[in-house]
Each structure stands twice: as C-alpha cells, then as structure tokens.
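Following: one structure in structure tokens, then a few remarks.
Throughout, a chain's letter reflects where its sequence line sits, starting with A, and its residues are numbered from 1.
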Amino acid sequence: MATLRKAPLPYDHLAVEQKWQHRWEADGLYRTPDDDPRPKWYALTMFPYPSGDLHIGHWFMYSAPDAYARYMRMRGYNVLFPMGFDSFGLPAENAAIRNQTPPGEWTYANIERMRRQFRSMGTVIDWEREIVTCDPSYYRWNQWLFLKLYEAGLAYRAEAPVNWCPGCQTVLANEQVLNGKCERSGDPVERREMEQWFFRITAYADQLLDFSGLIDWPEPIKLMQTNWIGRSEGVDVSFDISEYGLDVTEISTFTTRIDTVFGVTFLALAPEHPLVSRLATPERRADVEGYADASRRQTEIERLSTEREKTGVFTGAYAVNRLNGERVPILSADYVLLSYGSGAVMGVPAHDERDFEFAAKYGLDVRVVVAPPQWSPRDALDAAYVGREGTQVNSGEFDGLPAREGYEAIADKIEREGWGRRTVSYRMRDWLISRQRYWGAPIPILYCDGCGAVPVPEEELPVLLPEGVHFLPTGESPLKRHDAFVNAPCPACGGAARRETDTMDTFVDSSWYFLRYLSPDYDDAPVRDDHARKWLPVDQYMGGAEHAVMHLLYSRFFTKALRDVGVVELDEPFSRLFNQGMILSGHAKMSKSRGNVIAPDDYVRRFSADVVRLYLMFIGPWEQGGDWSDSGINGVARWVSRLWELCQRDPASLPAQGAADGALMRKTHQTIRRVLADIERFKMNTAISALMELSNELARAYDDGAASQAAWRDAVEKLLLLLAPLAPHLAEELWERTGRPYSVHQQPLPEWDAALAAEEEATLVVQVNGRPHQRPRRHQ
RNA sequence: GCCGAAGUGGCGGAAUGGCAGACGCGACGGUCUCAAAAACCGUUGGGGGCGACCCCGUGCCGGUUCGACUCCGGCCUUCGGCACCA
C-alpha cells in the first residue's frame, strides 16, 4: 500500500463504525418483522460460497445492494435483505483431502470468519434469518423437495451419456461444461454412460421461454436463456427401412426444413444410435463398429471442435424417402448428436452447410430443390443455399411453389400419410443433478433388490451425511465405502437395501434458498405459507451474469415445479434482476498467482468501511464492474475527510439572509433529484459525484459567508440523509454530532421540489449552422 | 461462424438529440514548511493566437437532422455467451 494516503481520517473511524454496528445490532434496527404494515420489499443478493474470506469482490458485490436496500427502507418499505452461505461444494472436500479436516469443520470455520467480516461492512442484513445450506435443517428440505419432484415424476433416474470430470471425480450438468471443459476445474470432460438422477426441466421449456411474468430483467440474460433452451419448430419425418425385416421399420429424423425433403441424398445416424450396428451389412460391420468405438473414445473437446473435418462411415444399408420413393444410403457420422432430435438427420447437401461439407467429402449427390432467386438448373452450387426464399424444384407435385408454402404443403402431406408430424425440438437437456461426491445433500433414495428404487419416507428426513469419514486422495466419495450409511432397511418391504450414495448438485440448494429466508426455523415445511404469500416474489434480485443459464434458469424451473406440486403459489422467483460487473485490479482479474489481490480488511482498517464501500460504488456503473486503484480510494477518503469537517462547521457565524441561498437551495433539490434517480438505477457512481458537487458548493457558500443559517442547516440535513444509504456509519455519526435524533436510518428520504430544482435563468445558445455562436458570458 | 454488450482526455468515468469531458484520479504551478509528506488554492482534451477568441476532437466510413457521443446503414477492435442443435 505504498501509494496510499498516509494521513488517516480526521476521526477514529474504527471506533465510530464499531459503535454504530453495536448500537444498530443492540436496537435490532435492521430486523425485518413479518407483521409490519408498511409495503414489503424483498431485496436479495446472491449468497456467497464460504471460501474463507470476504474478498474485495464480495465487498463490491454487496456494497451497492446494501445501499439499494437502505434506500428502499428510507423510501418507506419494510425491506427484507437477508444473507446466508451456499456452503456445500467441492472446495471443502478438497481441503478435507489435503489436510484431513472434516469438510463441515472447515466450512463452519470459514462461515464464522466471513460473518465477522460481513459485520465490519455495516450492512442492513437481518442476520436472524441467516441460512446455511450444509446444515441438516436446510438440506432436510432439499431432500423433501426432491421427494416432491420425484412423486410428481419430475425427478427420474436414467442411463444416459453424461459429462464426467476426471478432476472433480463426478458427473456434471450440461450447463456446467464450458467448451468441453469442466466449469469448475477446467479439466477436459469425458463422456460416460451412467445411470443418474435428472430433473425434468425440459418439461418446462416453453414456460421458461415465457418471460412475461418478469417486471425488469436485462434483455441479454433473457436472450441467453432463450438461446440455451433453443426451441426449434420442425417436422419429424420417417424413412422406410422395412426391407431389412427388423422389428423397427423406419428411421425418424427431425428437420426444420421439410421443404427440402426432396433433396435428401443420404441419411446420417449418430455413431451411438442403436440402429447403426443392426443395419450394418456384414461386410461393413467391422468398419461401422470401429467408427462407433473411436467416436466414443473422443473427449468432448475433440468431438466438439468445429474446425475438425466431418467424418462418417457407410453402413451398407439404404432407406426409402417416402416422398419420392428413392433409396438413399445410410451413413453413421459423428456430426450427428444422439441427444438432439432423434439422433438421425436427413442429409440435404444442397440446403445445409454441414450436409454439403459432408457430401463433398464422401461424394454424395447434391440436388437443388429450393431454387435460389436468379438460379438456373445448370448452375452447380459451390456452397449450400440455406435461404428460405426460393421456389420448389425437383420436388414432384410441389414444384413451382414458393418454399415457404412448400414447407406447409409438404408437412400437411406427411401428416396426412402418417409418415410423420410437425413437432418442436429443444437444445436444452434435462438437468443432471447426481454428484459422486460427499459434501452435498444425500439423495433420499434406497435401492432394494425386491422393490427397486424406493424413496426415503418423509418422516425419516433428513438423511444425514455421516461424520468422521475418511477421504482418499482420489476424491472418490467416502459414502460409497461407508457401510453404516449405505446399508439400511427397505422402507417398503423391510428387507436389506442400499442407500443412494450420490449427493445433489449444489445448484439444487441455491434454486430455492430465497424461500427459506422467509421462515428459516420452520419445521413443518420449507416455507410457511403465510410468509411466502407476504414476501414473494423477490422484488429485486442482484448478482453476477455468469449465472444466466445455471442458477437463474434452475431457480425459475424450481419455482414453477414447486408451484405445480403445491409448495408455493408463484410463477417467477425474481421480478427484477440487476447484474453487477466484475471488479479488477490493474486491469486484470484478481488472482493469487498475479499477485494483484486486494484485501479489503487492510483498507477498512486504514480508511473505514464507509470509504471502501463508497470507493467501490464510485469506481463506475455497478453493472460494468471496475478497476481498483489505490489512488482512487485516496480521493474518496479525501472527500470523506472534507465532509466530516464541513458538516460540523458552526453555522452561528452565518448571516440571517444569504446571497447564495437561492442557488444553494436549487443545488440541494437538484442533488436530491439526481441521487434518488441514480440509486434507483444502481448508478451509485453518479449519485456519489452529485453529493460531491453539493458538498463543494456548500463549502464555497460557507467560505463566502453567502449562505444563511437556515439554508445551511437545511442543505446539510439533506446531504446527510442522501449519504445515509451510501456511507451508513459516517452519516449516522454526523447526524448525531449535528444534534439530530437517532437514527438517520429511520428517517424518510428527502423530497425534491421541481420548481426549486429548476434553473432560474436559462442560457440561450445561439447556433449558426448547427454550431454554437457568440457564447454569452456566464453571469456569476 | 452465430448471438449479445461496449469503444469518449494521461486514467476511472459523465452527458442518450441541444455549450462533449460533470465528479474523481493523476500531472503541473502555487501557499504552508528548514525540507518533505499531508492539507489547501489554481491550471489541466489537442492545436493556434499577445489578446477578445479561432480551428480540430467521442473507434472508422457514410446517412438522417437546424443540430449527432447519442438515431440509421456498413466496417474495425475488445469483452461475454453459444458453438456441428439438423
């Protein structure tokens, strides 16, 4: 901290801040009563993982929401602003493996430290409502909710190809794989065939695409969710393979371009498609199975690489295109994904870029069936024509129709003939929630040889995580080797059964945590009905955009699913959403290896929590993040020092009438208007700069003796009220020292008067040819 | 490749159709001091002029408008998301 300002603040900030923190807590100033008659406002910020320290990113993330919550309180709302810890997860387990400390011990020690650090911020958080997701009193309800979804058919177990992270020794949900790598550890993800638990989020795809229940969400987040869900309308059309005498007589394919079906020159099946090996002719079998094995062995990264040349292999079999009776070859190709549509594609090289590239490589025919404008039958295509504008050609009875009409006419015929039907496909997959790790909520299921998968009865919840387990360096879950945990009687038949040893994805915990704050100690349900009715939905949610398709989508799904099983009456969890940006240091992400980590505690000791908070908000618009600079925080400390001195000036020496009274009042009302509007929109940076301007003007007016005592007192009072949400300790201390009644945080916000805020004289700018001309002198 | 966001002084940023650069940082000059730090005062987009002032300037090229950082079209760069989704 070499460049930091050496002079401390002109007051003992540590003593002042502790004094008020204790007083507020002793008075229960920030308790949120459930029976308060004022209108409710549920403000929520994403809760942290208890990694050990409240770092500067947390301070950045919580300063603006705290100011916002305080602002809403002063606007007269009964504001709920709770906090908790998202405390299941891998770091605790990795720490346990490293030093053989139980994950719970490590986690709770971290939570304790972070609670202290949180308190040093001086937030408005109601700690009586704190929740800790790794606590049995919380995860009991996680398990209970799982059972509700299970009963409703929304939780199911299935064998499926899954993403396996070798580093984390567990499977991952699709959303948790980025570019073929584990979102957490960065290890390349492998494909495995495993029996796992899923939540049927796809059943809600259309509801999740409907954002009409939201009041104000960033458009980019809605768009990301829309793209992630990836709804496509198209047609399922089948091709005849009855000539092979199998029990399966047709292959179904999904297409969004049924207008191009007369251009089909091959069929491509995913290598894992069950029909591939059955259709392969004896002489092709070895090649086909070798190809399937090779694609199975590829990692996600290799398979997903778009630069890679498409590969495939001929099965030796043919399928009949029922629209024109043609026999087309069936190939197996790894650009076809088993998990999308039916895992089979009708190949139309003339009108699909991928099919075109594939056909070029394997010498397959290219037949134009949607003629581009200005196209002549003699023209060969040098690329696929994917436009929807064009005329049907080579398409039998549909020739001459515009392709858009051809699409409908062909779809009608297919439905009439029973060859297929219009349908919708989604990119989104069901949510894989099994994790092969210890530190999570156990999935409350038993396996019995006689009865199969049996849910743990509600009254036996929670299924407790056993303590005192031994961790192997491989990361393998100790639950698997824990006989006392695994062996349990079957609830159905009383015979010997084995417990599920997988735990739930920690995103399950955070999908409903906003409910538990409403009745954290309630024992009969995850949330009390009357409390849910009073407080929900969350009015303003705040947090990082990195959760666009994970936490935010999961929470929306959970809310709708819990509504449907009767737990809550709610369509959307979060009415308004605001995303903050990221705090950087030296224009780079903070990391230990870069050595650019900013430790907030050091700065708090030197400058006060208020200065750190003010600086983090002053650095720029909250949604854009910002770059930490030591000289920047010096500037805020300087301003706080000036404010301290300024607000305590003795007005006794001021006159009864001041020459600048009008100007001062105008500035005061303009400042109120600006600050209120800015905090509302999370533009804390401009709210603070407006206060700086007002304080500058106040200082000038005092020095010039141009303010009356009354105007001075009024302006200082409004300045302190506006400062209260942004610098709560400083405002409270100055409020007291200027003889005003405790507490500034129980005062209403000042109001502004449009007439008083209006400029008294307008400057008329004369423009000639659009340029200012003869700029008038400004009158002082 | 597709989708989205953003490009403004030395730096963080302000202004979303009306005097570009508020507020702050940094820098420079000054006051105080034996000296320095801190604090305080002043100057600070670039260029020109002794001066009142003048010219240029918001990533690039065009357009709309009396007037564009702001709206429209096309490009460039950076960041974020998705990435063979048929």
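Backbone-only contact: A:N227 has heavy atoms under 4.0 Å from sugar-phosphate atoms and none from a base. Residue contacts shown for A:W639 are absent, as no nucleic acid heavy atom lies under 4.0 Å away. In this structure, A:R642 reaches the sugar-phosphate backbone alone: every heavy-atom distance under 4.0 Å involves primed, P, OP1 or OP2 atoms, never a base. Within 4.0 Å (heavy atoms only), A:F618 reaches at least one base atom of the nucleic acid. Nucleic acid contact class of A:S232 (heavy atoms, under 4.0 Å, all strands): sugar-phosphate only. Residue contacts shown for A:K683 are limited to sugar-phosphate atoms, with no base heavy atom under 4.0 Å away.
Taking atom OH of A:Y426 as the reference point, atom C1' of B:C82 lies 19 Å away to the nearest angstrom. Straight-line distance from the CD atom of A:Q624 to the C1' atom of B:A14: 11 Å, rounded to whole Å. We find that CD of A:E183 is positioned 10 Å from P of B:C82, with the value rounded to whole Å. Atoms CD (A:E357) and C1' (B:A83) sit 14 Å apart, rounded to a whole Å. Distance A:K361 NZ to B:C84 P: 17 Å, rounded to the nearest Å. Rounded to an integer number of Å, the gap from A:F607 CZ to B:C25 C1' is 13 Å. Atom C1' of nucleotide B:A39 and atom CZ of A:R638 are separated by 9 Å, given to the nearest angstrom. Atom CZ of A:R681 is separated from atom P of B:A15 by 7 Å (rounded to the nearest Å).
Taking 90° from 0 as the syn/anti boundary, the base of B:G9 is oriented syn.
Distances shown here put every side-chain N or O of A:N634 at or beyond 4.0 Å from the OP1 or OP2 atom of B:A38. Between B:G24 and A:N685, no contact under 4.0 Å exists linking OP1 or OP2 to a side-chain N or O. Listed pair A:R674 / B:A14 fails the phosphate criterion, with no side-chain N or O lying under 4.0 Å from OP1 or OP2.
For A:Q580 (side chain) and A:F60 (main-chain N/O), no donor-acceptor pair under 3.5 Å exists by modelled atom type.
Figure legend. B:G51 is base-paired to no nucleotide; pairs are counted as Watson-Crick or G-U wobble with both atom distances under 3.5 Å. B:C19 is unpaired under the Watson-Crick or G-U wobble criterion, no partner having all donor-acceptor distances under 3.5 Å. The pairing partner recorded for B:G29 is B:C41, the criterion being a Watson-Crick or G-U wobble arrangement whose two distances lie under 3.5 angstrom. Base pairing analysis places B:U65 opposite nothing; no Watson-Crick or G-U wobble pair with both distances below 3.5 Å involves it. Pair assignment for B:G57 gives none, since no Watson-Crick or G-U wobble pairing has each distance under 3.5 Å. Nucleotide B:G4: paired with B:C79 (Watson-Crick or G-U wobble, both distances less than 3.5 Å).
Ranked by how close their nearest RNA chain B nucleotide is to the 5' end, A:N696 and A:M428 are led by A:N696. Between A:S629 and A:L223, the residue anchored closer to the 5' end of RNA chain B is A:L223, taking for each the nucleotide with the nearest heavy atom.
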**Request:** Step by step, work out the ring pair (Phe, Tyr, Trp, His ring centres under 6.0 Å) result for A:W59 and A:Y603.
**Result:** CA-CA 12 Å; A:W59 277 72; A:Y603 288 85; over 10 Å; no

**Request:** Dump the intermediate steps for salt bridge (Lys or Arg N to Asp or Glu O under 4.0 Å) on A:D187 and A:K181, then the final yes or no.
**Result:** CA-CA 5 Å; A:D187 291 304; A:K181 294 182 188 157; over 6 Å; no

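Of the candidates B:A5, B:C82, B:G81, the closest approach to any side-chain atom of A:M224 belongs to B:G81. The side chain of A:W228 sits closest to B:C82 out of B:C82, B:A86, B:A14. Nearest nucleotide to the side chain of A:M692, out of B:A86, B:C23, B:C84: B:C23. Of the candidate nucleotides B:A86, B:A5, B:G12, B:A5 has the atom nearest to the side chain of A:P220. Here B:A14 is the nucleotide among B:A14, B:C25, B:G12 with the atom lying nearest to any side-chain atom of A:P621. Comparing B:A86, B:C82, B:G12 by their closest approach to the side chain of A:L178 singles out B:C82. The listed nucleotides are B:A15, B:C84, B:C25; the one nearest the side chain of A:K310 is B:C84. Candidate nucleotides B:C3, B:G13, B:A22 were compared by shortest atom distance to the side chain of A:S689, and B:A22 ranks first.
Taking atom C1' on both B:G26 and B:G9, the two are 12 Å apart, rounded to the nearest angstrom. Remark: the separation of the C1' atoms in B:C2 and B:C84 is 12 Å, to the nearest Å. A distance of about 11 Å separates the P atoms of B:C25 and B:C41, rounded to the whole Å. Spacing of C1' atoms, B:C71 relative to B:U64, comes out at 8 Å, to the nearest Å. Across the C1' atoms, B:G21 and B:C69 are found 11 Å apart, a figure rounded to whole Å. Comparing the P positions of B:G10 and B:A22 gives a spacing of 14 Å, expressed to the nearest Å. Between the C1' atoms of B:G17 and B:A27, the separation comes to 35 Å (whole Å). Using atom C1' as the reference point in both B:U70 and B:U8, the two lie 12 Å apart (nearest Å).
In this structure, A:Y554 has its ring center closer than 6.0 angstrom to the ring center of A:W431. A centroid separation of less than 6.0 Å is found between the aromatic rings of A:F358 and A:F266.
More than 12 heavy atoms of other residues, nucleotides or ligands sit less than 6.0 Å from atom NZ of A:K361.
In terms of heavy atoms, A:R257 sits closest to A:V370 at NH2-CG2, 4.3 Å. Residue A:P329 comes nearest to A:T265 through the heavy atom pair CD-O, 3.4 Å, listed as atom of the first residue, atom of the second, then distance.
In summary, A:D365 and A:R367 do not engage in a salt bridge, as defined by a charged side-chain N under 4.0 Å from a carboxylate O.
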